[in-house]
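Shown next, in structure tokens, is the structure this report addresses.
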Amino acid sequence: MGRSNDLAMPPGADPAALSRYLNLAHDAFVSTGRGDPSLRRLVLESWRRSVEGGLDPEQALAAIRLDDDTLSDIRDSHPLAAGMPVIRRLLVEGAADAGLLVAVSDAAGQLLWVEGNASLRARAEGMHFLPGADWSEASAGTNAPGTALALDRPVQIFGAEHLARQVTPWSCSAAPIHDPDTGAILGVLDLTGGDEVATPQSLTLVRATVAAVEAELRIERLSPRRGPHVSVSGWTRPSLEVLGGHGATLRHGTTTTRLSLRHSEILLLLTESADGLTTAELGVALSEDEQAQVTVRAELSRLRGSLGPIELASRPYRVTSPVDTDIAGVRADLEAGLLRRAVGRYRGPVLPSSTAPAIEQLRDELHMHVRSYLLASDDADALLSFADTSHGRDDFEVWERVLAILPPGSPRHAQVEGHVARLDRELG
């Protein structure tokens with residue numbers, strides 16, 4: 001029955017014959033622990049991971065980990081909330097008509113949204129396929145969302161390729177969704193239903209929807225933010241974005257301006273200073289060589305032309321108009337306990353190219369602020385989202401914390417354990 005690892009049911013395959021074979025192979029594995037060599041490798045490896053983690057194929061039922069209030073909070077703050085309109089437009093509307101379900105999980109495998117055909121949704125609740133349930137491999141065994149998360153790749157699971165007995169009547173196609181800035185896994189998009197979900201066309205549709213979601217997230221971050229600071233007249237508070245970019249992006253109204261590094265440094269320092277800064281103080285903040293005051297004044301004069309409605313007063317220099325910053329957004333999310341949203345906002349260090357002493361200090365302070373909240377938390381999704389980024393990949397303490405809170409049967413446990421061991425060797 002040799003088949004591609006990517007496709008559960010290749011073109012021309014007989015679904016009935018394939019289903020009979022898989023049921024026999026499933027029964028043999030459950031009773032003897034031996035896998036038929038004709039099984040897809042990704043399925044057999046997933047079965048073995050699941051049972052080695054202690055999962056009982058005959059009794060396993062996905063754990064429901066999130067109550068309604070917690071689920072609502074996570075949905076409100078999760079980065080994928082911005083992609084749900086795209087998912088509903090491209091996938092959910094058609095799925096409901098076709099008698100299918102669409103599910104979106106977080107990076108830890110917890111289902112956040114399950115939408116689609118109402119009668120099928122009611123049936124799926126019997127196997128705990130519902131919002132708030134944990135469909136990682138450790139909790140539910142081999143399944144498309146959990147296995148796609150474990151492998152970080154698109155996955156199809158057909159019928160009895162599922163390990164848990166209660167799930168074998170179903171089929172599913174799923175693919176991970178990645179943060180467009182950092183590459184971190186944000187969650188998984190899944191299409192669930194009958195045999196038709198295991199076709200190549202279904203997997204193509206899921207992958208195309210994921211691409212559209214990632215594009216939407218990228219556009220949403222490049223577009224002016226529609227925050228709460230909108231007056232009756234329609235005036236929108238200016239915003240300054242400095243995280244992860246070589247220069248700041250300033251937005252006011254429909255205008256978007258990319259500032260030079262020096263102008264980015266100056267404007268950020270002024271937004272961070274409640275009392276303003278003198279020319280001399282700015283010179284020290286920008287350079288250990290204490291730039292000549294005339295040079296600082298010239299830069300401030302040129303900067304004024306890019307500020308639009310933002311008022312810049314002098315003696316001392318200060319911003320007198322309210323300006324939102326992504327730094328302030330991260331801090332506010334951390335204080336509110338919205339760790340997932342804070343990690344999503346924290347797309348990288350503050351102006352990473354800057355060598356200005358005051359910016360370096362601000363950069364270190366914010367990074368440590370984010371780390372301290374994460375290291376004190378038990379939120380595996382937020383921790384993994386941070387650890388998977390370029391600014392978290394070599395953070396030994398963060399990876400140690402992830403390892404400490406992940407159950408041994410987690411689909412990512414072995415990978416995290418190996419990464420911690422590698423960092424330990426490298427750090428001596």
Side-chain angles (χ1 to χ4, degrees), residues 181 218-231 233-332 345-367 369 391:
D181 294 321
R218 188 176 295 109
I219 292 169
E220 190 260 344
R221 290 177 183 179
L222 291 173
S223 302
R225 303 190 185 282
R226 296 185 181 90
H229 306 295
V230 180
S231 70
S233 64
W235 179 84
T236 305
R237 180 180 294 183
S239 66
L240 183 70
E241 298 169 10
V242 297
L243 295 175
H246 297 297
T249 300
L250 176 63
R251 307 182 194 279
H252 51 83
T254 59
T255 302
T256 299
T257 304
R258 184 77 168 181
L259 301 179
S260 70
L261 180 58
R262 180 57 81 208
H263 287 176
S264 301
E265 294 165 339
I266 292 172
L267 184 55
L268 175 58
L269 291 174
L270 293 177
T271 61
E272 287 285 306
S273 175
D275 298 324
L277 297 167
T278 65
T279 306
E281 287 171 334
L282 272 171
V284 172
L286 292 170
S287 173
E288 292 180 350
D289 299 330
E290 296 191 20
Q291 292 188 347
Q293 294 185 22
V294 66
T295 304
V296 173
R297 290 195 188 97
E299 291 290 355
L300 282 160
S301 178
R302 285 190 285 269
L303 174 60
R304 288 181 191 275
S306 303
L307 295 182
I310 300 173
E311 297 177 8
L312 180 60
S314 56
R315 298 180 184 177
Y317 288 103
R318 61 200 182 277
V319 174
T320 60
S321 308
V323 179
D324 289 333
T325 69
D326 47 3
I327 291 178
V330 170
R331 291 179 184 137
R345 284 184 193 265
Y346 188 63
R347 298 191 292 275
V350 176
L351 296 176
S353 299
S354 173
T355 58
I359 298 296
E360 289 182 333
Q361 180 180 345
L362 181 59
R363 181 190 304 148
D364 291 342
E365 287 174 352
L366 183 66
H367 192 76
H369 196 44
H391 46 275

Has the side chain of S321 got a donor or acceptor atom that lies under 3.5 Å from a matching backbone atom of E311? yes
Under 3.5 Å donor-acceptor, R363 side chain and V350 backbone: yes
Do [X] and [Y] come close enough that some side-chain heavy atom pair is under 4.5 Å?
X	Y	answer
R331	L366	yes
T271	I327	no
P316	L277	no

Determine the minimum heavy-atom distance between [X] and [Y], stating which atoms define it.
X	Y	result
S287	P357	N-CD, 3.7 Å
E360	T355	OE2-CA, 3.6 Å
L312	R304	O-NH1, 2.7 Å
A285	L269	CB-CD1, 3.8 Å

Consider side chain to side chain donor-acceptor pair (under 3.5 Å). Of E299, R302, R258, which one does H263 pass it with? E299
[X] [atom1] to [Y] [atom2] distance, which is reported to the nearest 0.5 Å:
X	Y	atom1	atom2	result
L250	I310	CG	CD1	4.5 Å
I266	L259	CD1	CG	10.0 Å
I359	S353	CD1	OG	12.0 Å
L243	R345	CG	CZ	10.0 Å
D275	R318	CG	CZ	9.5 Å
Y317	L300	OH	CG	5.0 Å

According to the interplanar angle, ranging from 0 to 90°, do the rings of H367 and Y346 count as parallel (below 30°), tilted (30 to 60°) or perpendicular (above 60°)? tilted
Among L270, T325, V319, D326, find the one that has a side chain to side chain contact (heavy atoms under 4.5 Å, CB included) with L240. T325
